[in-house]
Structure formats: C-alpha cells, structure tokens
Peer 1: 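Just dropping this structure here.
Every chain is numbered from 1 and lettered A, B, ... according to where its sequence line falls, protein lines coming before strand lines. Side chains are part of it too, since the values below use all heavy atoms of this structure and drop only hydrogens, waters and symmetry mates.
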Protein chains: 2
Amino acid sequence: MSPAKRAPRKPPRPYHHGNLRRALLDEALVTIRAEGVEGLTLREIGARVGVSRTALYRHFADKRALLTAVATEGFRTLREQLVSAWDAGGHDDAAFQAMGVAYIGFAVANPSHYRVMFGGFVHAEVHDPELEVEAEGAFQALVDALAALQRDGVMRAEDIALMATHVWSLVHGVATLAIDGQLHRTGAFDDLVRYSLARLRTGIADTRKA
Amino acid sequence: MSPAKRAPRKPPRPYHHGNLRRALLDEALVTIRAEGVEGLTLREIGARVGVSRTALYRHFADKRALLTAVATEGFRTLREQLVSAWDAGGHDDAAFQAMGVAYIGFAVANPSHYRVMFGGFVHAEVHDPELEVEAEGAFQALVDALAALQRDGVMRAEDIALMATHVWSLVHGVATLAIDGQLHRTGAFDDLVRYSLARLRTGIADTRKA
DNA sequence: CAGCAAGTGTTGACGTTGTCAACACCGTGC
DNA sequence: GCACGGTGTTGACAACGTCAACACTTGCTG
C-alpha cells in the first residue's frame with residue numbers, strides 16, 4: 001500500500017475538472033440512452049464522471065436544467081440529420097421523403113433522447129432561450145425544404161407554417177407511436193413509414209397541370 | 001373539547017372503505033389533472049382519500065400499476081368520445097373529420113391524462129392485458145370508421161391497418177405537439193386542426209371516378 | 001356459536017433521491 | 001502576496017416508494 005495517506009502527489013485528477021459541464025452532459029446522455037430518462041440520477045452521473053454528487057449544481061440550476069440541455073443538443077443533432085438527408089438528395093421530392101425517414105429514424109434510434117425532447121420533462125411553462133433556438137432551427141429545416149418544393153411546383157402553394165406543422169405532426173406521430181411500442185398492430189415498421197410518407201405527399205402535392 | 005379521547009363512538013369512516021380502489025383511481029386522476037403526472041405522489045392521494053399511505057398497495061401492485069389503470073380508463077373514455085363523434089354524424093366524410101377533432105380535443109382537454117396514456121410512464125416492456133384491450137378498442141373505433149368509408153368508396157381501398165395507423169399517427173402527432181406547447185409557431189390552433197385533417201383526407205381519399 | 005382464514009388498513013422503518021448550506025480548494029488580477 | 005470569484009466537497013434534510021409486521025373486519029366452516 002502506498003504510505004502517503006494524505007497529500008497524495010500527482011493526483012490523477014486535479015481539483016478542477018476542466019470541462020465538467022461537457023462531461024456531465026455527455027454522461028447524462030449515455031445514461032439516458034442506456035437506462036431511460038426515469039433511470040437518470042444526478043448522484044450517479046456525478047459518480048460516473050468521478051465527481052461529487054452536487055458538483056453538477058455549479059453548471060446546471062437543477063435536474064430540469066440538465067435535461068433541458070440534453071434536449072437542446074437533441075434538437076441540434078436532429079436538425080443536422082434532417083439537413084443532411086435533404087442535401088444528400090437532389091432537393092426534390094425524393095429528398096423530402098428521405099428527410100421524413102431521417103426524422104423517424106432519429107427518434108427510433110434514440111428513443112430516450114427523443115423522449116427528453118418531447119416528453120414534457122422539459123419546459124412546461126418554462127422557456128429556455130437556447131432550447132427555443134435549436135427547436136426552431138430543426139423546424140426551419142423542414143420549412144426550407146417545403147419552400148423549395150413549393151417554388152418548384154411540387155407541393156401546394158399554401159401557408160408554409162401550416163403545411164410544415166402538418167408534416168411535422170405526422171412524422172412526430174409515427175415516431176412517438178413507434179417509440180411507445182404502439183405499432184405492433186401494423187406489419188413491418190418500414191412499410192408503415194413508406195406508406196405514411198407516401199400518403200402525406202399525396203395530401204400536400206400540387207395537382208395542377210404544369 | 002370532546003372528552004372521549006379514545007374509543008370514539010360512531011367513527012364517520014368505517015375501517016373498511018368500501019370501494020377504495022375506485023376512490024383512489026378517481027383521486028389519482030383529479031390530482032394528475034391538477035398537478036401533472038410528475039406531481040402525483042402515493043402518499044398524497046392516500047391522504048386525500050382519507051386513508052393511510054400504504055393502503056393503496058392492497059389494490060395496486062405499485063405506482064406504475066396505478067398509472068396503468070389510469071391510462072386504461074383514458075383509452076376507454078377516448079374510445080367513447082370517438083364513437084360518439086362518428087355516430088353523431090352520418091357515418092360519412094364529415095363524421096370522420098369530427099372524429100379527428102374529437103381525438104385531438106380529448107388530448108388537449110386532458111393533457112396530463114393523455115400523457116399518462118402515451119408518455120412512457122406505463123408499459124415499457126410490461127404488458128397489461130386490460131390496458132391492451134382498451135387501447136385496442138380505441139384503435140378499432142378508427143378502423144371501423146375507415147372500413148365503412150372504404151366500403152362507400154370515399155377512401156382508398158388499401159390495407160386498413162396501415163391506413164388506420166397513418167391516420168392515428170397524424171392526430172396523435174398534432175395532439176402531442178399541442179400538449180407540449182410546440183405549436184406556437186402556427187397561428188390559431190383550430191385552423192391547424194382543420195388544415196391538417198383536410199390534407200389528411202386528401203391523402204387517403206379515393207380519387208377514382210365513381 | 002366458536003374460531004379461523006382471507007381481505008383490508010395501519011404504523012414503523014429503510015434506502016434513494018434532489019437540493020440546500022457551509023466549507024475547502026484553485027487560479028487569476030491587483 | 002493576497003483577496004476574490006469560480007469550482008468542488010461534505011453534511012444534512014425532507015420527501016418519496018416500498019417492505020415488513022401488526023391490527024381490525026368480514027365471512028366461511030365446523
């Protein structure tokens with residue numbers, strides 16, 4: 001055994017962590033992914049990062065603030081994936097379908113994270129400006145794509161916010177029902193996604209003659 | 001002050017409650033409605049019913065079981081309201097729209113209750129047979145209506161489970177986004193509901209010549 | 001009618017959790 | 001070289017879900 005009981009030389013971890021906020025956020029996301037939102041405890045993520053249970057309070061006001069930050073990152077990631085899908089395609093009809101698949105895919109691949117974003121653990125009359133910005137950004141990705149399609153005469157030339165919200169509602173609905181395990185009634189999940197996006201498209205497509 | 005400290009004559013409440021399960025369920029729903037799911041504590045609802053904190057365990061296995069029962073009642077109420085809307089109309093296109101309005105209306109009028117049904121507080125790999133039955137019943141109301149409309153040539157003659165799930169996804173999406181306060185970007189909520197249901201209808205309508 | 005068993009409700013206690021208050025350590029600027 | 005704000009720690013507390021042990025009540029069996 002090492003004789004030095006006190007004053008250990010070269011402690012492997014200095015008193016100040018360096019970027020504890022980042023580390024806590026990462027660890028929180030890992031834990032949520034593994035055990036769900038309900039399984040997240042402040043004490044455990046502190047321990048996992050190698051820090052005491054209340055160190056977190058120097059970086060987040062409370063548990064809700066931590067979850068809000070997690071949600072904010074989720075919206076940022078979601079927007080990136082939506083934009084990627086849209087840009088990878090030809091900014092056309094097919095690319096729009098790909099965006100829908102990407103949205104639902106994000107939710108299904110990260111169910112617990114998605115739940116933090118929409119499950120009511122956050123906000124509830126509290127407005128976090130940073131969260132609003134990122135959520136708005138993800139929504140805007142959808143609006144931009146629809147605007148392009150309207151311009152090209154692919155989609156109806158209607159109130160774009162209304163149309164975007166309609167589209168969002170559908171993919172959000174499919175995503176949350178899938179996450180909640182409510183889709184066992186239908187056959188293959190991929191078939192449902194394809195069908196639903198096709199019917200969505202029919203509903204908002206421009207049917208005028210060119 | 002009454003001299004009788006012990007052995008009070010005629011206790012206003014007998015030892016056995018009579019129908020404690022029913023009372024607990026009602027009180028739980030009232031509390032959830034008032035303070036949300038997160039605000040529900042077993043101790044408080046016990047106290048509110050005038051019973052000790054653990055009396056509840058004679059009627060529900062644990063907190064989750066109580067919430068599952070609340071969710072089950074929610075699905076039952078939802079089905080009733082859907083069927084009412086469908087039957088009140090002429091079993092036609094307009095009645096179907098009314099069903100959509102009723103669905104979203106239920107969620108918006110009972111946001112916390114709706115969240116218990118879909119927010120992942122329940123099931124999560126656990127299957128409650130009674131819950132499944134009621135959830136299935138609500139879904140079936142939708143299937144029945146769509147089947148009638150397909151028969152009448154109003155809606156496309158496609159896989160009915162697929163179509164019903166698509167419809168369900170849309171109304172569920174609108175409902176949850178509304179509950180989560182994510183629809184402030186759009187204008188009047190009623191306009192969105194009308195628009196969304198109209199576009200939904202276009203997407204699944206039968207366009208063949210009669 | 002005696003008594004026993006199952007059902008129902010109570011009290012006490014335990015471990016866990018989020019959070020606050022008070023204190024300790026660290027780095028930087030005067 | 002020293003004060004100070006930022007950062008991390010320990011101790012404590014109330015609230016919560018849940019278990020175990022006990023008490024009362026009702027209804028059945030002999």
Peer 1: Regarding T176(B) and T176(A), is there a side-chain donor-to-acceptor distance under 3.5 Å anywhere?
Peer 2: no
Peer 1: Walk me through it: do E158(B) and R199(A) pass the test salt bridge (charged side-chain N to carboxylate O under 4.0 Å, His left out)?
Peer 2: CA-CA 11 Å; E158(B) 291 170 339; R199(A) 290 292 131 258; 3.5 Å; yes
Peer 1: Please list, chain by chain and in numerical order, all residues satisfying ring-ring contact (aromatic ring centres under 6.0 Å, His included) with F60(A), sequence neighbours excluded.
Peer 2: none
Peer 1: Just jot down the side chain to side chain contact (heavy atoms under 4.5 Å, CB included) partners of A28(A), sequence neighbours excluded, or say none.
Peer 2: L40(A), I45(A), L66(A), V70(A)
Peer 1: Could you state the atom-to-atom distance from CG of L20(B) to P of dT25(D) in whole Å?
Peer 2: 16 Å
Peer 1: Tell me whether R115(A) forms a cation-pi arrangement with F118(A), defined as NZ or CZ under 6.0 Å from the six-membered ring centre and within 45 degrees of its axis.
Peer 2: no
Peer 1: dG6(D) phosphate, OP1 or OP2: any side-chain N/O from H59(A) under 4.0 angstrom?
Peer 2: no
Peer 1: Using whole Å, report how far CG of L56(B) lies from P of dT10(C).
Peer 2: 12 Å
Peer 1: When every nucleotide of nucleotides 12-21 of chain D is labelled 5' to 3' by its protein contacts under 4.0 Å (heavy atoms), B for base, S for sugar-phosphate only, - for none, what sequence of letters results?
Peer 2: B---BBBB-B
Peer 1: Verify whether one side chain among Q97(B) and D93(B) offers a donor that lies under 3.5 Å from an acceptor in the other.
Peer 2: no
Peer 1: Would you mind reading off the distance between N19(A) atom CG and dG6(D) atom P, rounded to a whole angstrom?
Peer 2: 17 Å
